[in-house]
Amino acid sequence: MGDKKRNIKGSGGLWEMKEEYSPKQIEPKWQNYWREQNFHRTGGDEGKQKYYVLEMFPYPSGKLHMGHMRVYSIGDVLARFLRMRGYNVLHPMGWDAFGLPAENAAIEHGVDPGQWTNSNIAAMKEQQDALALSYDWEREVTTCHPDYYRWNQWLFLLFFKNGLAYKRKAPVNWCPSCQTVLANEQVENGACWRCSSAVAPRELEQWFLKITDYAQRLLDDLKLLEGWPQRVRVMQENWIGRSEGTDIVFTVQETGDELTVFTTRPDTLFGVTYMVLAPEHPLVGKLLEGNPRAAEIRRIVQEMSRESEIDRTAADTEKVGVLTGGHAVNPVNGEAVPILVGNYVLMSYGTGAVMGVPAHDQRDFLFAKEYDLPIRLVINSLQTNLQATPLAEAYEEPGVLVNSDQFDGLPSEEAIKAVTDWLASNGKGNHRVRYRLRDWLISRQRYWGTPIPIINCAACGPVPVQESELPVLLPGGISLCDNQQSPLADNAAFLQATCPKCGGEARRETDTMDTFFCSSWYYVRYTDPQQDKLPFSKESADYWLPVDQYIGGIEHAVLHLLYSRFFTKFLYDQGLSSAQEPFQRLLAQGMVYKDGAKMSKSKGNVVTPDEIIARYGADTGRLFILFAAPPEKDLDWNDQGVEGSYRFLRRVWRLFQQHRDIFTPVTETVSSTPALGKKEETLRRACHASLKRVTVDIEERFNFNTAISAIMEFVNALYIYMNECNGDEKKSYRPFLREIMETVVIILAPFAPHITEELWQSCGYTTSVHRQAWPAYNPNYLLVDEVEVVVQVNGKVRGRMLVPTAAGEDELLEAARGHEKVQPFLDGKKIKKIIAVPGKLVNIVAADGN
RNA sequence: GCGAGAGUGGCGGAACGGCAGACGCGCUAGGUUCAGGACCUAGUGCCCGCAAGGGUGUGGGGGUUCAAGUCCCCCCUCUCGCACCA
């Protein structure tokens, strides 16, 4: 360890420690101390390397739960550790403060959503402070404040000017309980992500952001995110759903209309025996004209489109089809095939029409069997001749084309290109890349959100509000009730507007923004939270971005994390920031369970951070939550386990109590201490081994659980030493022991900030333990003279021996051969081979006979 | 069905291809205490054995290796994600 440059006070303030470890007393004391000193303000030393640690900001529900406590503890240990390691750390916190719960509270209890939110924020902040989370509160961001949401509006207008925000009538997901529409990402298995009510389809005019323009980049750049869990990258990849294929233009025989389909298998084009349209396909109506059964069919089609998309696409939903009477002409061979309407075809993907190739698509195969449609083989297998017998199932593998005129004999892979080329040169199709990703629907018919800064003019259409007019303030005093449209639509003063373009009378847009809009860029605002000319300055953003370590729940794997990546790329394109990706590394922390089940009031197994703080203190809570499991794994909360963490902190406390004499003021320096004895060397080794492990476990592996166990081992070693040494030894090694014990305090500090601050300042220091440099371990102190080496016979441990550390292979072999415990296992056997691994083991391979 | 991850004591969890079970919980015994709690010491995978000692053991089965929880192949179970995407 390095030189002492710390301030030590005189004997006056020393050891005023209470006998008993009492978190109730020391925790508030140090929280005040840090608050008064504005201790956690960012920066001050731009010469250091920057590190941005961020936990996903919470919705201000008013109460912290164990999940919050876990994320924040992880982030806080990291932030504190990195500061001690000499980084310039940004570690901010804020509030995702718009959203439905505030509005619902308003409806139920008649409270003002803003007041409700603000008092929740105050309550949660108090809890966060009680956990000693080292946030720079000067950078706090609250999304429902006008000085934040005006920049939502500013960014919206920027999207609008770039053609990336647009309004369109579209079938959308309506949540009847939340009384608003939802984005595709916010529908899980046909249910609202927030309240789990079944969503229903509706046709409405809505605002969208054109995230689909960024589909390819969002997909490609997943490669850059090596610090993300693979499963999250895979989820995003699936969600974007890139698919390469061919658009093929058929012609409707009866009307002459063009009918385009998308397929990934143009090589099977000659096998088309029918065509299926989505119930919502625009041609359906026209095709039914003149059909004697039109009325009946229309009823069936309406039935189909009434079902939600989710029901229709559920794997176990029966495929239903109905003939329209129309026919489609295949561009490649002029053949006319019947056109049906089918419930399994979705208007939202591809062109809303699919070609039916029953011989080579299992889904089409089953459908054709059901409806007695012809099956024509056009791809033959290289292994078995499929033409010999009727197919029992679709042949979906690649093969060689048959029954396909000029393409006969081509392998599928080549035929895909050949058919596409043929279609392209005949104006009947093109190569085409499609995505499953849809544009992001951002309007919400709710009050408590960012007003969309648009004025709807009868003459000019949607016109952006002038930048100088921002923010469009959310009016107060709105009476909230359950309603089909935004409550803002009832507010005449808000509604009334003048068209910025023509000056005519116009209506203000009453939809508000999805709250995911707020959370898509808040991490940039933290870099420059007071900025009032722009959302943030480029300089600040470029200094801090990307977030080096982001920590949060896996539930945002697609939603928030995809939207944020989209925003970051847009900001980059606009020259507002240089970051390509927002989050360098991502940690998806596991959930907190109790007794193997999710905590819930009905199960009566809820534990709250408040209870833990009241009973054991924040330090114990933090320590346990980090010790019980690695951060990315689910954690089972265990009351007895918490007890164990509390016990450990008391054990540390007692160590200092019992040996306070070590800390009486000294003038000696380390060099004047007598040479260390064997016991002391062992202790020093334990110290540096622990130091090494804690450093590596936090910095490289994020394994806080093993880091803590290393500190425990260190403390155990200190107890053993103290038991073994006598008063004289203790006295003469006082400076050495002092340094050892101070190391305990320093490396425990990121985990348990209060107790360590108390112990540290009780040792006589006037500067905070949290301002100390993280000690470097000395590899020389890890060395030992002798090591125990295992002797194996045929891979089984048969003996152990103590040999000099420096012993080479030859010496090991010598010693192993003569080892008494090993002899019996070698009797009557021949030694075939001996492997010696210095410092570890010797393995003797022996067998019977010669 | 497709994709990803995971299966280790009574429990949470450790183990650069090199002594499986660190650390903690729980449990057992002893000490201390009027008692309880707290604390200290020792022990604690399973089986046989009084013991010394031996056997066995990381979901199952194969393989590579002097050596496998770890690498390769097959299978089973669980969790998560996607799921008629044309």
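Reckoned from all heavy atoms, side chains included, excluding hydrogens, waters and symmetry mates. Proteins get letters first, then strands, A, B, ... in listed order; numbering begins at 1 in each. None of the values given here were measured: they were computed from a predicted structure.
Taking atom C1' in both B/G9 and B/G53, the straight-line distance is 23 Å, to the nearest Å. Taking the C1' atoms as reference points, B/A20 lies 16 Å from B/U44, given to the whole Å. Rounded to the nearest Å, the gap between the P atom of B/G10 and that of B/G5 is 29 Å. A distance of about 24 Å separates the C1' atoms of B/C11 and B/G60, rounded to the whole Å. Comparing the C1' positions of B/C80 and B/C71 gives a spacing of 26 Å, expressed to the nearest Å.
Listed pair A/Asn705 / B/A14 meets the phosphate criterion, a side-chain N or O lying under 4.0 Å from OP1 or OP2. Between A/Arg647 and the phosphate of B/C40, there is no side-chain N or O to OP1/OP2 separation shorter than 4.0 Å. A sub-4.0 Å separation between OP1 or OP2 of B/U79 and a side-chain N or O of A/Arg231 is absent. The shortest distance between the side-chain N/O atoms of A/Lys796 and the OP1/OP2 oxygens of B/U56 is below 4.0 Å.
Atom CZ in A/Phe624 sits about 11 Å away from atom C1' in B/G13, given to the nearest Å. If you measure from atom CD1 of A/Ile708 to atom C1' of B/A14, you get 14 Å, rounded to the nearest angstrom. Between A/Arg654 atom CZ and B/C40 atom P there is a gap of 5 Å when expressed in whole angstrom units.
A stem is defined here as three or more consecutive Watson-Crick or G-U pairs, each with both distances under 3.5 Å; for RNA chain B these stems are B:1-7 with B:76-82, B:10-12 with B:23-25, B:26-31 with B:39-44, B:45-48 with B:53-56, B:59-63 with B:71-75.
A residue-by-residue look at A/Val234 and A/Val837 shows that A/Val234 has its nearest nucleotide of RNA chain B further toward the 5' end.
Residue contacts shown for A/Val790 include a base, since a base heavy atom lies under 4.0 Å away. Across all strands shown, A/Asp634 has heavy atoms under 4.0 Å from sugar-phosphate atoms exclusively, and none from any base.
Judged by distance alone, with hydrogens and angles left aside, A/Arg800 brings a side-chain donor or acceptor within reach of the base of B/C19, the pair sitting under 3.5 Å. A donor and an acceptor atom sit less than 3.5 Å apart, one in the side chain of A/Asn843 and one in the base of B/C66. You won't find any donor-acceptor pair under 3.5 Å spanning the side chain of A/Lys833 and the base of B/C66, going by distance alone.
Minimum atom distance to the side chain of A/Gln640 is reached by B/C25, of the listed B/C40, B/C25, B/A86. Closest to the A/Asn716 side chain, of the nucleotides B/C84, B/A15, B/G24, is B/G24. In this structure, of B/G13, B/U41, B/A67, it is B/U41 that holds the atom nearest to the side chain of A/Asn723. Listed nucleotides B/C19, B/C23, B/C84 differ in distance to A/Arg363; the shortest reach to its side chain belongs to B/C84.
Note: A/Tyr371 and A/Tyr274 fail the aromatic proximity criterion, with ring centroids not under 6.0 Å apart.
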